[in-house]
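Throughout, residue positions are numbered sequentially from 1 according to the sequence presented.
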Amino acid sequence: MKCIRCGAECSENQAFCLKCGSPMHVVPDFNLIEAELADSVGKFMDSDEEAEKDESVIEEDVDIYGKTKNINIKEKSEDNLEDLDDLDDSEDSDDDDISEEDLEYIKRVRERKLREEKEKKKKILIISLIAAAAVIVILILALVINGNANSYESHYESAIEYIENKNYDKAEKELLAAIDAAKSVDEKIQAREALYNLYVSEGNVDNSKIVAIVKELIDLNPNEDKYKEWLLKYAKDIPRASVSSGSYDDVITIELSAEADDIYYTLDGSKPNKNSTHYTAAFKIETEGKTVLKAISYTDGNASEIVEYTYEISFGSVEAPVISPEGGSYSENTEITVTVPEGCKVYYSYDGSTPDENSLLYEGPVAMLRGNNVFSAVAISHNGTKSKVVSNVYNLSVEANYTYNQAEGVLINKLLAEGQITDASGSDGNGGNYSFSYAKTESLSAAEYYIINVIHKDANGNTSGTFYYGVDTSNGNIVSVTKQNNGSYTID
């Protein structure tokens with residue numbers, strides 16, 4: 001570097017020119033502020049060490065100067081002294097040595113200069129740090145702005161605006177970007193639902209794209225029934241049940257359909273395959289409780305998605321029938337009536353046994369039997385649910401217009417008149433014979449009948465036939481009856 005006063009060459013660490021004594025001025029290069037920032041902190045931390053070094057340089061410079069020049073230092077105020085130009089550099093001076101007073105003065109001046117230089121460096125450091133901080137803030141803001149532009153909210157809101165403006169292509173791109181940017185499950189579901197609705201509203205989107213989105217929604221929330229309904233709507237090869245999942249209080253009949261070759265299903269919740277029940281016709285679910293239907297279809301050997309339906313059946317209780325009149329003793333012929341609950345049938349017994357679906361079907365009033373008898377009834381719904389059994393005990397104290405013997409005589413007379421027998425003993429005229437025996441007294445079609453058992457044996461004594469007749473105890477009318485498997489009788 002060169003002295004700005006005399007132009008003499010000087011080294012970079014000189015404090016003042018050795019030729020003219022002028023102090024060296026260092027002007028920082030503000031164009032290199034970034035480089036300055038990199039090493040300013042280190043320089044600032046080492047400033048005390050540099051100060052000591054600079055003081056040693058001062059002493060060396062002063063010593064050299066004193067030996068090479070005759071110096072007369074004028075007394076000047078330290079506050080008014082700007083630099084070392086005040087030193088008298090007259091060549092006429094005879095003094096070869098600098099005085100202690102002058103040396104002390106020079107030191108004070110140089111110390112002030114060093115302090116000023118240090119202050120300048122501090123200012124440079126502060127300016128550099130502020131500039132660097134500003135750059136960092138700008139970069140952070142840029143990253144934040146860029147991040148916001150690529151956020152889920154930004155893409156989703158843009159998509160909604162495009163949908164409102166019917167720009168479906170851009171809306172689809174923004175929703176796909178929103179799906180990629182989504183972090184939470186709610187965001188992932190929201191974006192996919194919006195995309196599903198977009199595809200549906202367009203009306204010309206391939207079903208495969210819709211199905212793919214719906215499958216993703218099912219993976220995100222397997223318990224959402226509407227997603228399963230969406231899948232069934234657009235995946236045509238998936239079997240469909242005619243009855244939706246839900247709770248029912250009755251037997252349900254289910255039909256399965258699909259655009260496929262074959263359908264297989266299970267009713268125990270297991271995964272269906274080609275070894276499961278092959279669907280060929282509608283089937284019923286008749287048992288109470290939970291039933292899980294799963295179905296799958298195959299087309300050219302390719303399996304569809306498995307569809308699942310859950311049915312909860314609870315038939316509930318069936319109202320018990322009401323029997324009238326109340327149980328007790330009666331002295332006049334009386335009819336027994338039963339109130340049948342809606343949607344049910346009533347079955348009854350009149351011999352003390354427990355009625356069920358194999359007992360007598362109540363179809364109208366029943367004549368009260370003479371004597372002490374138990375009348376019982378039960379209501380059974382169409383799904384097989386039974387009410388509790390109700391019973392009344394009746395004791396009818398009336399005389400029959402016909403005794404059993406009279407009733408049997410009426411029957412024999414009828415058979416004689418018809419030519420089935422030839423005499424009162426029951427002979428058939430061919431060596432064979434008819435025998436008559438009492439079976440029971442039973443109420444049939446609101447009337448009381450003696451049930452008479454008639455057995456025919458041929459000439460060899462072999463039974464060739466058994467017949468049943470009923471004789472009304474009040475008027476002697478005769479009817480042909482048939483014995484049922486449960487031991488009851490019905491009029492032919």
Side-chain angles (χ1 to χ4, degrees), residues 185-186 188-203 205-299 302-318 341-344 380-385:
V185 173
D186 288 343
K188 294 175 182 179
I189 289 176
Q190 183 185 47
R192 286 171 172 83
E193 284 193 354
L195 187 57
Y196 167 83
N197 291 325
L198 174 65
Y199 286 158
V200 172
S201 64
E202 285 189 76
V205 177
D206 188 90
N207 278 3
S208 61
K209 293 177 70 174
I210 300 177
V211 169
I213 289 296
V214 174
K215 287 181 179 179
E216 291 176 8
L217 285 167
I218 292 175
D219 290 339
L220 289 168
N221 188 1
N223 297 321
E224 180 55 70
D225 289 337
K226 71 177 180 181
Y227 299 152
K228 298 174 184 178
E229 294 174 3
W230 292 354
L231 185 63
L232 287 175
K233 185 175 182 179
Y234 292 97
K236 300 301 184 181
D237 61 332
I238 297 178
R240 291 158 177 77
S242 58
V243 180
S244 301
S245 296
S247 297
Y248 297 89
D249 60 0
D250 201 351
V251 172
I252 55 177
T253 301
I254 297 175
E255 296 179 351
L256 297 177
S257 61
E259 293 181 3
D261 296 335
D262 295 288
I263 300 174
Y264 297 84
Y265 69 94
T266 63
L267 293 175
D268 58 1
S270 62
K271 184 178 181 180
N273 53 42
K274 288 186 176 181
N275 295 321
S276 302
T277 303
H278 185 209
Y279 176 77
T280 56
F283 56 91
K284 293 183 177 181
I285 297 180
E286 301 176 293
T287 57
E288 285 191 298
K290 182 179 180 181
T291 299
V292 178
L293 164 66
K294 291 186 177 181
I296 191 172
S297 69
Y298 291 88
T299 302
N302 297 317
S304 70
E305 294 287 325
I306 294 175
V307 67
E308 178 180 322
Y309 294 86
T310 301
Y311 304 106
E312 193 77 34
I313 297 179
S314 178
F315 297 137
S317 60
V318 173
E342 184 178 356
C344 299
I380 302 178
S381 69
H382 62 280
N383 55 40
T385 303

Under a 4.5 Å cut-off applied to non-hydrogen side-chain atoms, are [X] and [Y] in contact?
{"X": "Y234", "Y": "V200", "result": "yes"}
{"X": "I313", "Y": "T291", "result": "no"}
{"X": "N275", "Y": "Y264", "result": "no"}
{"X": "D206", "Y": "Y199", "result": "no"}
{"X": "Y298", "Y": "D261", "result": "no"}
{"X": "L231", "Y": "Y227", "result": "no"}
{"X": "I189", "Y": "L217", "result": "yes"}
{"X": "D225", "Y": "S245", "result": "no"}

Any Lys/Arg nitrogen of K294 or E308 sitting under 4.0 Å from an Asp/Glu carboxylate oxygen of the other?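 Yes, K294 and E308 are salt-bridged.
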With the threshold set at 4.0 Å, does a side-chain nitrogen-carboxylate oxygen contact exist between E193 and K226?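 A salt bridge links E193 with K226.
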Look only at the side chain of S276 and the backbone of T266, and say whether a donor-acceptor pair between them is shorter than 3.5 Å.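 Checked: no pair found.
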Just by distance, do the side chain of Y311 and the backbone of I285 share a donor-acceptor pair under 3.5 Å?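 Judged by distance alone, no pair lies under 3.5 Å.
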Give me the atom names and distance for the closest heavy-atom approach of V318 to C344.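 Scanning both residues, the minimum pair turns out to be CG1-SG, 3.4 Å.
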Do you know the tightest heavy-atom contact between D250 and F315?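 Answer, listing the atom of D250 first, then F315: C-CE2, 3.5 Å.
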To the nearest 0.5 Å, what is the distance between CD1 (I252) and CG (N383)?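 Between I252 CD1 and N383 CG, I get 12.0 Å after rounding to 0.5 Å.
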Does atom NZ (K236) have a neighbourhood of more than 12 heavy atoms from anything else shown, all under 6.0 Å?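 It does: K236 NZ has more than 12 such atoms within range.
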